[in-house]
Amino acid sequence: MKAHQLKLYNTLSRQKEDFAPINPPFVGMYVCGPTVYGDAHLGHGRPAITFDTVNRYLTHLGYRVRYVRNITDVGHLTGDADEGEDKIAKKAKLEQLEPMEVAQQYTDTYHRDMALLNTWKPSIEPRATGHIPEQIALVEAILNEGLAYVVNGSVYFDVLAYNQRYTYGKLSGRVLDELMTGSRDLDGQGEKRNAVDFALWKNASSEHLMKWPSPWGLGFPGWHLECTAMSSKYLGTQFDIHGGGMDLLFPHHECEIAQGNACNHQDPAKYWMHNNMITINGQKMGKSLGNFITLQELFTGKHPLLEQAYSPMTIRYFILTAQYRSTLDFSNEALRAAQKGYKKIINGLRIARSMDFTANAEIALDDEQVQQVEASITAAYRAMDDDFNTAMAIGHLFNLLKKINSIFTGQLQSASLGEEVFSKMLATYITFVEEILGLVEEKGEVQDGLLDLLLSQYSEAKTARNYAKVDEIRLGLKSMGFVVKDMKDRIDWAYEE
RNA sequence: GGUCGCGUGGCCGAGUGGCUAGGCAGAGGUCUGCAAAACCUCGUACAGCGGUUCGAAUCCGCUCGCGACCUCCA
C-alpha cells in the first residue's frame with residue numbers, strides 16, 4: 001500500500017495536523033459514550049458512526065487501534081451541576097427500578113442500535129460504576145497536588161489554583177477571567193469557591209440511591225472524572241485520540257484536560273476530535289430541547305415528524321454524506337435522498353462482487369477511462385486522508401460506480417481498462433463501501449433462491465413474449481422491494497430505490 | 001453580554017485562490033414489447049456590499065441572517 005499521510009483536525013490547535021501516533025503502529029482512542037438513561041437518538045448515532053469510521057480507516061491503514069468507549073451509568077446530573085439529580089437515579093425513581101436496571105436496559109438498547117448501524121464494538125467498554133476506586137484514587141492525587149478542596153464531604157477541583165500552573169480553557173479557547181466575569185448565573189454556586197470549579201466527588205444525601213464509601217464519606221463521582229479514570233486506566237496517561245460531540249468540548253473535555261494535567265502533568269490526549277451536531281429545523285437535536293428522534297423511531301417510522309421509516313444503513317449513509325465537523329440537518333427529504341443513494345451504492349456492491357474481467361485482445365486500452373478510474377481511486381483515499389472526509393470519498397465512489405455499472409451493462413468493456421486497473425477499481429469500491437464506510441446489504445425477507453426462481457420464470461415468459469406474465473412478475477417483485485434489470489444478454493435484479 | 005462557527009444551484013451536501021464534487025429532484029436522449037435499471041447530455045450556484053489579486057465561492061473588512069458553547073445534552 002502506498003504511503004498515506006493522514007491529516008486530522010485537532011481541536012486543540014484548531015488546525016489539521018499530520019497524524020503521528022505516540023507509539024505506532026498502536027493507536028489509542030477514547031470516545032465519550034452515552035449516559036444510559038434513555039434510548040439513543042439520532043444525535044448519538046453521529047459520534048458512534050464518525051468514530052467507528054475513524055476506527056475502521058485507521059485499521060485499514062494498518063494501525064492497531066484500541067478503541068475505548070465508556071458507558072456513563074452514574075454521576076451525570078441534570079440541570080445545575082450542584083443541585084441536579086443524577087439522571088439515572090431520576091429515571092429509576094420514575095420507573096420504580098433499581099438504577100442499575102435502568103442502566104442495563106438502556107445499555108442493551110444502545111448496543112442493539114449500534115449493532116444495527118454496523119458499528120464495530122469498542123475494544124473496551126468500561127462503566128463508570130465499575131471504576132469507583134480508580135476515581136477515588138484520582139481525587140486523592142489531585143488533592144495531593146493542592147488542586148482540589150474538600151467541603152462537607154464533597155471534593156471540588158480548584159480551577160484558579162490549577163490555572164496558576166497550567167492553562168485552563170486551552171481546548172475551548174476560553175479565558176478564565178472571562179469565564180469568571182461572564183458567568184450568567186452565580187446562584188447555586190453553593191459550596192464551590194468559584195463558579196468555574198467543578199465537582200470531583202459529591203457527597204450523597206440520605207435519599208441518594210447510588211453511593212459509595214470514600215475518604216470523604218458516602219458519595220459518588222463527578223461526571224468529568226470518570227473519563228479521566230477510564231481513559232488513563234486502559235490507554236495510559238497520554239493516548240492518541242480523544243473523540244466526542246462538540247457539545248462536550250466545554251466543560252467536559254476541558255475538565256478532562258485539567259484533571260489529566262493535575263494528576264499526570266501532561267495532556268491526556270494528543271489529538272482531540274469533535275463531531276458536530278445534527279440539527280432539526282436548524283436547531284440542535286438534543287434532550288434538553290426535546291426535539292430528538294430516537295434511532296428506533298427512525299427505524300420504525302413511528303414519530304410524528306417522520307413520513308416513513310428509514311433503515312439503519314440509510315441513517316449511516318446519511319451521516320457519512322456530511323463531513324463530521326459540519327452540522328447536518330435532518331429532514332425527510334434529505335433522508336429519502338440518502339435512502340436512494342445508499343441503495344445505489346449497495347446495488348453497485350452486489351454487481352462489483354460478481355464481476356469478472358473479460359479479456360479481449362481486440363479492445364485497446366482506453367487511456368481516458370483508465371485515467372479517470374485511477375484518479376477516482378486516488379481521490380477517494382485522499383479524501384479519507386484529509387480528516388476523514390467521507391462525503392468527498394463517497395462522491396468519488398459514485399464516479400467509480402458509473403464505470404462499474406457501465407461495464408456490467410456492457411456499455412463499457414472491462415478490457416478497455418486492463419485487468420490491473422479493473423481489479424483495482426473493484427477492490428477499491430468494495431473495500432470502501434464495506435470495510436471503511438461500513439455500508440452493508442440489508443437483506444430483505446426474500447430468499448435468494450426464490451428471487452432466482454422468479455427471475456428465471458420472468459426470463460422464460462419474456463422469451464415466449466408472454467408480456468402479461470412478464471409484467472405480473474415485475475409488479476410482484478416490485479412489491480417486495482426489487483426491480484428487474486433487463487440487459488441485452490441477461491437479467492438481474494436490484495434493490496428498488 | 002463573551003467565545004466560536006456557519007450562510008453554496010429546487011433540496012441535501014463537498015470544496016477554501018485559477019482545474020466537472022457527488023447524491024436527490026427535474027428536462028432531453030440511448031436501450032426496451034412497454035417500462036425499469038444503467039449510461040450520456042443539460043443547471044453556469046456560492047447571503048449582501050466593498051477591498052486585495054492578473055484571477056475569489058475560496059483571502060481581508062463591513063452589513064444582514066442563522067446556529068453552537070458559556071448550565072445537563074452526542
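Because the structure is a prediction, the values reported are computed rather than measured. Throughout, a chain's letter reflects where its sequence line sits, starting with A, and its residues are numbered from 1.
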Just to verify, what does A:Y271 make a ring-ring contact (aromatic ring centres under 6.0 Å, His included) with, not counting sequence neighbours?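 Listed in chain order: A:F19.
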Of all residues at least two apart in sequence or in a different chain, which pass the side chain to side chain donor-acceptor pair (under 3.5 Å) check with [X]?
X	answer
A:S172	A:R174, A:E254
A:S406	none
A:K211	none
A:N291	none

Show me the pairs that pass side-chain hydrogen bond (donor to acceptor under 3.5 Å, both in side chains) and involve residues 388-399 of chain A, at least two apart or across chains.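 Passing the test, one end in residues 388-399 of chain A: no pairs.
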Is a salt bridge present between A:E95 and A:K91, judged by a nitrogen-to-oxygen distance below 4.0 Å?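 Salt bridge between A:E95 and A:K91, a charged N being under 4.0 Å from a carboxylate O: yes.
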Determine, for nucleotides 12-23 of chain B in 5'-to-3' order, which nucleotides have protein heavy atoms under 4.0 Å from the base (write B), from only the sugar-phosphate (write S), or from neither (write -). SSSS-----BSS
Donor-acceptor contacts, no H, no angles, side chain residues 333-341 of chain A, under 3.5 Å, sequence neighbours left out:
{"unit_1": "A:R336", "atom_1": "NH2", "unit_2": "A:E307", "atom_2": "OE1", "d": "2.6"}
{"unit_1": "A:Q339", "atom_1": "OE1", "unit_2": "A:Q308", "atom_2": "NE2", "d": "3.4"}

Check the interface with nucleotides 34-37 of chain B: list each N/O to N/O pair with the protein under 3.5 Å, or write none.
{"unit_1": "B:C34", "atom_1": "N3", "unit_2": "A:R474", "atom_2": "NH1", "d": "3.0"}
{"unit_1": "B:C34", "atom_1": "N3", "unit_2": "A:R474", "atom_2": "NH2", "d": "3.0"}
{"unit_1": "B:C34", "atom_1": "N4", "unit_2": "A:R474", "atom_2": "NH2", "d": "2.6"}
{"unit_1": "B:A35", "atom_1": "N1", "unit_2": "A:R474", "atom_2": "NH2", "d": "3.3"}
{"unit_1": "B:A35", "atom_1": "N3", "unit_2": "A:R474", "atom_2": "NE", "d": "3.4"}
{"unit_1": "B:A35", "atom_1": "N3", "unit_2": "A:R474", "atom_2": "NH1", "d": "3.1"}
{"unit_1": "B:A35", "atom_1": "N3", "unit_2": "A:R474", "atom_2": "NH2", "d": "3.3"}
{"unit_1": "B:A36", "atom_1": "N1", "unit_2": "A:D486", "atom_2": "N", "d": "3.4"}
{"unit_1": "B:A36", "atom_1": "N1", "unit_2": "A:D486", "atom_2": "O", "d": "3.1"}
{"unit_1": "B:A36", "atom_1": "N3", "unit_2": "A:V484", "atom_2": "O", "d": "3.2"}

RNA chain B: stems of at least 3 consecutive Watson-Crick or G-U pairs, cut-off 3.5 Å?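 Counting only runs of 3 or more consecutive pairs, the stems involving RNA chain B are B:1-7 with B:64-70, B:10-12 with B:22-24, B:26-30 with B:38-42, B:47-51 with B:59-63.
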Excluding sequence neighbours, so at least two apart, what forms side chain to side chain contact (heavy atoms under 4.5 Å, CB included) with A:S416?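 Partners of A:S416 by the side chain to side chain contact (heavy atoms under 4.5 Å, CB included) criterion, ordered by chain and then number, come out as A:I363, A:D366, A:L412, A:Q413.
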Strand contacts (RNA chain B) in residues 272-283 of chain A, 4.0 angstrom heavy-atom criterion: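 Contacting residues: A:N275, A:N276, A:M277, A:I278, A:G282.
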